[in-house]
Amino acid sequence: MNQAEDFNIAQHLDNGPAKDRKCTDVLFYILFVLFLISMMGCSIYGYKNGQPGKLFAPLDSDGNICGYDPNYLDYKYMFIWDIDQASKEPSNLFDSAVCVKKCPNRVKYGDYIVDCKETDYLRGKEKKCSGFPVEYDSKAYVSYYCIPDQDDLPEYIKDNIANLLDAIAADQLGHQVADIGICARVIAISWASILLILVSLVGIGIYSYIISNSYPTTLKYVALGVWILALFYVLALICLRSSLQVSLAVLEAASDFVGSNLRIVLVPVLFFILNIIVIICWIAGVLTVFSVGDIDNGPEGTQYKTVKWSQSTRNMIYFMCFGILWITSFLIAASQFVIIVACSTWYFSHGSDTKGNSKISSGFGWILRYHAGSIAFGSFIIAVVWLIKIIFEFIAKRVKQTGGNLSSAVRCMICCCRCCLDCVDRFIKFINRNAYIQIALSSENFCVSAMNGFLLIIKHAGKFSLVAGIGNIFMVLGKMTIASLTCLFGFLIIENWEEIHEALDSPVMPLAVIFLIAYFVGAVFISVFATSSNTILQCFLVDLDISQQQGREGASHRPPALESFVYIAKKDGSFANKNQMK
């Protein structure tokens with residue numbers, strides 16, 4: 001604690017982020033670049049030695065891989081020989097599958113020849129390839145599977161397929177999937193409504209108060225306990241009233257920043273799109289490596305395959321799996337850093353006669369020129385924590401599958417380990433976020449910035465905890481309100497759209513999809529607000545600390561939203577000059 005109390009911010013940050021910037025954590029920058037090159041090298045190795053085409057190639061009913069097995073090289077396509085039998089029962093779908101040279105597509109004209117490799121199914125029925133029971137045209141679109149032409153199928157086959165789809169949808173999951181398909185238009189409209197609902201960020205918590213009187217007698221004690229906790233909470237707020245006012249002022253300043261720089265909300269969207277592109281490229285690369293090995297057919301009558309890897313191939317797959325964790329974490333951190341730079345430059349550009357001016361482009365430039373190594377360092381730590389959590393969940397799942405009825409002690413230990421890992425994950429993210437703020441301000445390396453940020457947090461623990469607590473409440477309320485009101489909007493459309501209302505079995509699953517989409521989109525926009533509030537708080541405390549060292553009253557660069565706090569700070573002396581306090 002003494003170290004935190006004696007901690008002082010470097011006075012050259014008086015005018016904001018350091019102008020003379022330097023490259024930080026160069027070693028990790030080099031390591032990250034080598035890592036990316038190694039990822040590309042693994043993908044190139046998989047492209048040269050793998051057989052992704054064979055991995056997705058169709059199988060006939062005997063398990064032969066069309067287009068790849070000996071004597072099957074010219075027979076690349078899979079055709080359902082007996083569509084009548086296949087349409088009656090899902091388990092019979094591939095019982096009559098045969099490999100053909102090309103999909104029959106002129107059957108209705110009578111000038112077709114089906115050149116296929118006979119299977120045990122055909123030999124058992126003493127039939128030839130061209131003598132299939134139901135004649136129909138087919139086409140191969142983006143694969144080597146011959147897809148039936150729906151317009152060319154007999155009516156009773158269409159009825160069988162419809163009954164097959166109804167049978168699949170007969171269970172709860174199938175009905176839910178069907179309902180999602182029916183409500184696709186509603187979900188699309190709900191996407192458009194999200195931006196209109198962003199202003200509705202308060203009030204959802206009143207529900208618990210409204211229904212409190214309807215609780216059963218046995219739950220009255222729970223309500224009483226909640227009110228007692230609320231009383232302690234109010235007392236805590238009274239004791240920490242000045243820190244609370246700082247928190248509210250910081251949140252208001254964050255709102256001002258986002259409101260005056262609406263283009264900042266495009267930053268997480270841009271990085272999200274970039275992340276999607278990276279994931280698509282990663283999937284393509286890992287599939288090529290995945291296909292390096294001996295590919296064999298799975299159970300007969302299915303399209304499953306097995307792959308036997310060498311140890312080097314297995315290590316490459318593990319390496320690439322960790323790689324996507326690191327790259328994803330890096331992109332998330334880079335998105336936060338761009339917002340932090342924009343917010344910090346906005347804060348320190350305030351003056352007595354000037355308004356804030358953010359520099360979004362500077363964040364991208366600083367990443368590329370100076371701080372990619374530091375961001376790679378922080379994201380590497382996060383990726384390691386994610387990897388540990390994934391391994392733990394895998395082990396826990398295997399223990400549950402093989403252990404039968406687990407004892408209470410084992411279940412408790414699993415829950416405790418999961419809780420500890422979640423705490424570590426949250427703590428590392430918290431340290432990283434504040435380290436990135438210090439990197440943007442001081443241009444120091446990751447470790448120094450993490451330590452400076454941590455000491456600043458300890459020095460002003462009350463304000464940090466309240467801003468974080470109140471901020472998290474508003475974030476959750478904001479996301480839940482956006483998602484809930486979007487759900488309500490979608491429900492009203494479903495209830496009033498007669499065509500959809502009559503075809504729908506239940507609105508639960510479509511509304512759940514709408515809720516998840518709205519919650520995710522809301523989280524993207526709210527994340528900007530969360531990062532901004534943390535940045536403004538640190539900038540305010542840095543500004544205040546330097547002002548105290550130089551004998552000035554209050555912070556010299558505070559935005560207008562923080563003006564109301566200065567009077568209270570002077571009144572209670574909570575931020576008096578250190579020399580005066582001595």
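The aromatic rings of W326 and F28 sit perpendicular to each other, their planes meeting at more than 60°, with 30° as the lower class boundary. Using cut-offs of 30° and 60° for the angle between ring planes, the F319 and F35 rings count as tilted.
Using a 4.5 Å heavy-atom cutoff, the side chains of N534 and R433 are in contact. Within the 4.5 Å cutoff, the side chain of P148 has no heavy atoms near those of the I80 side chain. A heavy-atom distance below 4.5 Å is not found between the side chains of Y29 and F377. Inter-residue side-chain proximity for I360 and L266 is flagged as unmet; no heavy-atom pair is nearer than 4.5 Å. Taking the side chain as every heavy atom from C-beta outward, F290 and I317 approach each other to under 4.5 Å. A 4.5 Å side-chain heavy-atom check between Y145 and F79 finds every atom pair outside the cut-off.
At least one donor-acceptor pair under 3.5 Å links the side chain of D60 to the backbone N or O of D62.
Of the two cysteines examined, C103 and C146, the SG atoms meet the criterion of being under 2.5 Å apart.
Among residues two or more places apart in sequence or in another chain, the side chain to side chain donor-acceptor pair (under 3.5 Å) test is passed with Y75 by D115. K429 pairs by the salt bridge (Lys or Arg N to Asp or Glu O under 4.0 Å) definition with D425, not counting sequence neighbours. Scanning for salt bridge (Lys or Arg N to Asp or Glu O under 4.0 Å) contacts around D120 gives R123, with sequence neighbours left out.
Of all the heavy atoms in L421 and K389, the pair that sits closest is CB-CG, 4.0 Å. Taking every heavy atom of both residues into account, Y72 and N64 meet most closely at OH-ND2, 2.9 Å.
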Could you go through residues 277-289 and list every donor-acceptor pair under 3.5 Å that involves a side-chain atom there, pairing it with any protein atom two or more places apart or in another chain?
| residue | atom | partner | partner atom | Å |
| --- | --- | --- | --- | --- |
| W282 | NE1 | M320 | O | 2.8 |
| T288 | OG1 | G285 | O | 2.5 |

Would you be so kind as to tabulate the donor-acceptor pairs closer than 3.5 Å made by side chains of residues 327-339, with sequence neighbours excluded?
| residue | atom | partner | partner atom | Å |
| --- | --- | --- | --- | --- |
| T328 | OG1 | I324 | O | 2.7 |
| S329 | OG | S379 | O | 3.2 |

Expected list for residues 38-56: side-chain donor-acceptor pairs under 3.5 angstrom, two or more places apart:
| residue | atom | partner | partner atom | Å |
| --- | --- | --- | --- | --- |
| S38 | OG | L34 | O | 2.8 |
| S43 | OG | M39 | O | 3.2 |
| N49 | ND2 | Y45 | O | 2.9 |

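Counting heavy atoms of neighbouring residues, nucleotides and ligands inside a 6.0 Å radius, atom NZ of K76 does not exceed 12 of them. R418 CZ: more than 12 foreign heavy atoms inside a 6.0 Å radius.
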- prompt: Given C66 and Y144, is the side chain to side chain contact (heavy atoms under 4.5 Å, CB included) satisfied, shown in steps?
  reply: CA-CA 9 Å; C66 302; Y144 290 102; over 6 Å; no
